[in-house]
Amino acid sequence: SNATLNKNRAKMASNQVDVLVVGGGGREHAIAVKLRESSKVREVFCAPGNGGTNSEDKITNVAVSDSDIEGLVKFAKEKSVALVFVGPEAPLCAGLADACAVAGIPCFGPTKAAAELEASKAFSKDFFAKHNLPTAAYKTFKDDQYDAALAYVESEYAAGREVVVKASGIAAGKGVLMPENLEEAKAAIKEVMVDKAFGSAGDEVVIEQLLIGEEVSCMAFADGKIASMMLPAQDHKRANDNDQGPNTGGMGAYAPAPCLTPKLRREVEYVLQRTVDAMRSEGRTYVGVLYGGFMLTKDGPLLLEYNCRFGDPETQVLLPLLDSDLFEVALGCAEGDLKARVADVKWKDAAAATVVCAALGYPGSYPKGLAIGGLEAAGTISDVKVYHAGTKQSDGKIVTSGGRVLAITGLAPDFRAALKKAYEGVSKITFTNDKGENGLHYRTDIGRKAIERPTRIALVGSTRGSSSQATFDAIKAGTLKATIAVAVSNKADGGLLERARTQGVPAVHLPCAKGTPRAEYDAKLTEVMKDYGVDLVMLVGFMRIVSPEFCAAWQNACINVHPSLLPKHAGGMDLEVHKAVLDAGETETGCTVHIVTPEVDGGPIVVQRKVPVVSGDTPESVKAKVQAEEGPALIEAVKMFSEGQGPFQR
């Protein structure tokens, strides 16, 4: 085997090499295409591949099943491939990486012992507990403990907790049942343990507490020592729009997922790294993709489960965004030293979205052999890639051969544009049977959650921030689609931080030492807000003039409320503004929400609300009337920002 290794090393030093991708789905098509981009790679072999890989330059299908371990190793040796890259979990759980190691062939994918993280949910939950990794409370039950499992769910529901029922073994991503009530929970246990809906995968069942929050797919390249996290992605498991219908392998995905703020990302990275460390300490060195499913709960990110390979369809959005050479990354991991080959894994500053085109009827029974139309039309759109999953060549034409047939990915500088590209590609595709009837199904709402997610607001102030209370109240009442992500104040006792704490909002005191340059303080302020994934900054009684650098960092995303009808009485503060209104003999005044620019009170006007000035008014009485309008004006401004209206037009 050392001879094989040395032969491969010599070959790589001199010229291009060949690689073998194991699998035949959309994920493997995406992997093969990305490997082909490497200047080091001459030919990519796919075993068995599909109709899409078959029609690509420099990619060749091989008639070896992805479950034929012996056949795969034999082929890899015959072709002296420099790397075996494994797509699906089944060959890894069956020991393909171990067989490659014996033959001296570098393999990107975990050993059978390391793949246990996915192969057994019971093993992984016990592993989480042993190494104190954050996860939901759970209990496992063996085949002969059916009555005990029923009793456990009865006690959970009696205590007001809901559960999720999981087959412990490999069930192609479908062995998770989400009951809505106790009766359904008992039916789910029967389905797994008695009816054997998932075969031997259900010989052991894991019953865990239902977690509430947003789910995010966080994958990392692992070389046995380090975990280099990829961009976070989100997929759509249910078959139909609005997350209705049965669970599937995934109907679409997008990345980067905006729900994972930089602060949460660091927490996730820490868990992924600790997992790789813990696996090594148990003698199960982890090489390959470590794919953590995390739930973002009010207690922070909690692990749902691990998979031991790339997700599908997440791969079809992650790999187009990878800037580094995938071959070098994978080989570095396989050799146990990623940094030696790729010091820093780089990602594009862009977004990707993919929509799965499925056969009508999936995930239930569906027809095969449907004629696929529009592949060329979709494939020639710029920044659109059609990845094949369930396709094959038949009489020179490409036809459907599976439930998930294609994944159409759009790549663009921002998420909305990427989504638009993907659906433009989908609009060209048709699946038809012999009678000319439609056989295509896809979801029309991929990525909607990311587009419609609540606007994340930062409150920045030095005083009580009273004008922000209306925003808190509107969010609580459900009339404003926003969330206060963080409150920041330069004064520990200003009152804004206390207001935030009582509402359960993170409160950050950021003191400003005397003589600190404005731009330097503002850079720290920006860092805090970026950490919390802030979209819009609301200045509420902030007693500092912000720097031009700050205005540039939050261009068209920072608002302030001024207590007059701008441009009148700009530059003044508090009671002096109202006194000026009275001195000028004006009959109306009000408040103005404007975009913050380097020119004080001179930015574009977003909203104005007016109040009358009557005889006998004092600066104090005018202030009270104007203040009552500031909250509603800010709410209106947030709505305009969220919808891209007025000066916020995208």
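Computation of the quantities below employed the complete heavy-atom set of this structure, encompassing side-chain atoms and omitting hydrogens, waters and symmetry-equivalent molecules. Quick caveat, the model's predicted, so the values are computed rather than measured.
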Do E214 and K449 pass the side-chain contact (heavy atoms from CB on, under 4.5 Å) test, and can you show the C-alpha distance, the side-chain angles, and the key distance before you say yes or no?
-> CA-CA 10 Å; E214 211 168 327; K449 206 168 19 185; 3.9 Å; yes

Of all the heavy-atom pairs spanning I59 and C46, show the shortest one and how long it is.
-> CG2-SG, 3.8 Å

Could you tell me whether the side chain of T409 and the main chain of Q316 form a donor-acceptor pair under 3.5 Å?
-> yes

Closest non-hydrogen atom pair between A378 and G425, with its separation = CB-O, 3.5 Å

Backbone N or O of V81 within a donor-acceptor pair of the D18 side chain at under 3.5 Å?
-> no

Check: V638 main-chain N/O paired with S642 side-chain donor or acceptor under 3.5 Å = yes

Just by distance, with hydrogens left out, do T391 and S401 show a side-chain donor and acceptor under 3.5 Å apart?
-> no

Residue pair N61 / T53, side-chain donor-acceptor N/O under 3.5 Å | yes

What's the shortest heavy-atom distance between A47 and D66, and which atoms?
-> O-CB, 4.0 Å

Quick check: does any side chain N or O of K34 sit under 3.5 Å from a backbone N or O of L319, one acting as donor and the other as acceptor?
-> yes

E78 and K74 ion-paired at < 4.0 Å = yes

Can you name the one residue among H441, K237, R238 that meets side-chain contact (heavy atoms from CB on, under 4.5 Å) with M251?
-> H441

Would you say the side-chain atoms of T275 and Y306 include a donor-acceptor pair closer than 3.5 Å?
-> yes

Go through the steps for S67 and S65 under the test side chain to side chain donor-acceptor pair (under 3.5 Å), then give the verdict.
-> CA-CA 5 Å; S67 60; S65 153; 2.8 Å; yes

No-hydrogen, no-angle side-chain donor-acceptor test under 3.5 Å, D325 and S38 | yes

Rounded to the nearest 0.5 Å, how far does CZ of R443 lie from CG of D445?
-> 4.0 Å

E43/Q16 under side chain to side chain donor-acceptor pair (under 3.5 Å): CA gap, chis, key distance, verdict | CA-CA 9 Å; E43 186 80 35; Q16 292 182 309; over 6 Å; no

Distance, nearest 0.5 Å, that separates CD of E116 from OG1 of T111 = 10.0 Å

Could you tell me the separation between the NZ atom of K385 and the CG atom of L411, rounded to the nearest 0.5 Å?
-> 12.5 Å

dist I446:CD1 -> L419:CG (nearest 0.5 Å) comes out at 8.0 Å

Return yes if some donor-acceptor pair links the side-chain N/O of K481 with the main-chain N/O of E452 below 3.5 Å, else return no.
-> yes

Note: G374 and I429 closest approach over all heavy atoms is O-CD1, 3.7 Å

Which pairs count as salt bridge (charged side-chain N to carboxylate O under 4.0 Å, His left out) when at least one residue sits in residues 345-371, sequence neighbours excluded?
-> D344-K346

Establish, from distance only, whether the side-chain atoms of S217 and Y291 form a donor-acceptor pair under 3.5 Å.
-> yes

Would you mind telling me which of H388, Q393, E28 makes a side-chain contact (heavy atoms from CB on, under 4.5 Å) with N50?
-> H388

Please step through side chain to side chain donor-acceptor pair (under 3.5 Å) for the pair K421 and S382, ending with a clear verdict.
-> CA-CA 9 Å; K421 280 275 182 199; S382 65; 3.2 Å; yes

side-chain hydrogen bond (donor to acceptor under 3.5 Å, both in side chains) with E215: which residues, sequence neighbours excluded?
-> none

Please round to the nearest 0.5 Å and tell me the distance separating atom CD of Q649 and atom CG of N556.
-> 11.0 Å

Just wondering, more than 12 heavy atoms not from K112 lying within 6.0 Å of its NZ?
-> no

Can you find a side-chain donor-acceptor pair between E56 and H29 that sits under 3.5 Å?
-> yes

salt_bridge(R453, D535) N-O dist < 4.0 Å | yes

Charged N to carboxylate O under 4.0 angstrom, R265 versus E269?
-> yes

When rounded to the nearest 0.5 Å, the distance separating CD1 of I398 from CD of E376 is 10.5 Å

